[in-house]
Amino acid sequence: MELLFAVLGGLIAGAIAHVVVPWRSTRGSLLGPVVGGVTAAVLWEALTWAGWKYDATWIWVVALVGSGVVALVAEWVLGRRRTAADAAFYERAKAQGA
């Protein structure tokens, strides 16, 4: 049951990352929540396999903050990369006279 709550927290952290990071129109609206949810699930399982207890505070902190950070980085990198790729495509199309 705790895994479900951890994944839900990751989904919410990813959704917040989608709203906070600029370039919202250059990436899908589900990218942040998916990355956040998957990261929270992987972190939660890795930490439980490492012997961390479900009712400990640090497993929640690491899983939720880690998923938020990974979602923020993914949104930031993909947003900037897409913007640069769009600008380069525009310049190539303009140079070719299209």
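Taking hydrophobic clusters as Ile, Leu, Val, Met, Phe, Trp and Tyr residues chained together by side-chain heavy-atom distances below 4.5 Å, Trp44 does not share a cluster with Val38. Residues Leu4 and Leu47 fall within the same hydrophobic cluster, defined by Ile, Leu, Val, Met, Phe, Trp and Tyr side chains chained together at heavy-atom separations under 4.5 Å. Cluster membership check: Trp49 does not share its hydrophobic cluster with Met1, using side-chain heavy-atom separations under 4.5 Å among Ile, Leu, Val, Met, Phe, Trp and Tyr.
Think of Leu43 as one node in a network of Ile, Leu, Val, Met, Phe, Trp and Tyr side chains linked at under 4.5 Å; it has no links at all.
In this structure Trp23 satisfies the ring pair (Phe, Tyr, Trp, His ring centres under 6.0 Å) test together with Trp76, sequence neighbours excluded. Partners of Ala74 according to the side-chain contact (heavy atoms from CB on, under 4.5 Å) rule, which considers only residues two or more places apart in sequence or in another chain, are Val35. Considering only residues two or more places apart in sequence or on other chains, Arg81 meets the side chain to side chain donor-acceptor pair (under 3.5 Å) condition with none of them. Shown here are the side-chain contact (heavy atoms from CB on, under 4.5 Å) partners of Leu11, two or more places apart in sequence or in another chain: Val7, Pro33.
Summarising the geometry of Gly10 relative to Ala40, their closest heavy-atom pair is CA-CB, 3.8 Å, with the distance given to 0.1 Å.
Atoms OG1 and CG, on Thr48 and Leu3 in that order, are 8.0 Å from each other to the nearest 0.5 Å.
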In residues 56-70, what donor-acceptor pairs under 3.5 Å come from side-chain atoms, sequence neighbours left out?
| from | atom 1 | to | atom 2 | distance (Å) |
| --- | --- | --- | --- | --- |
| Trp60 | NE1 | Tyr54 | O | 3.0 |
| Ser67 | OG | Ala63 | O | 3.1 |
| Ser67 | OG | Leu64 | O | 2.9 |

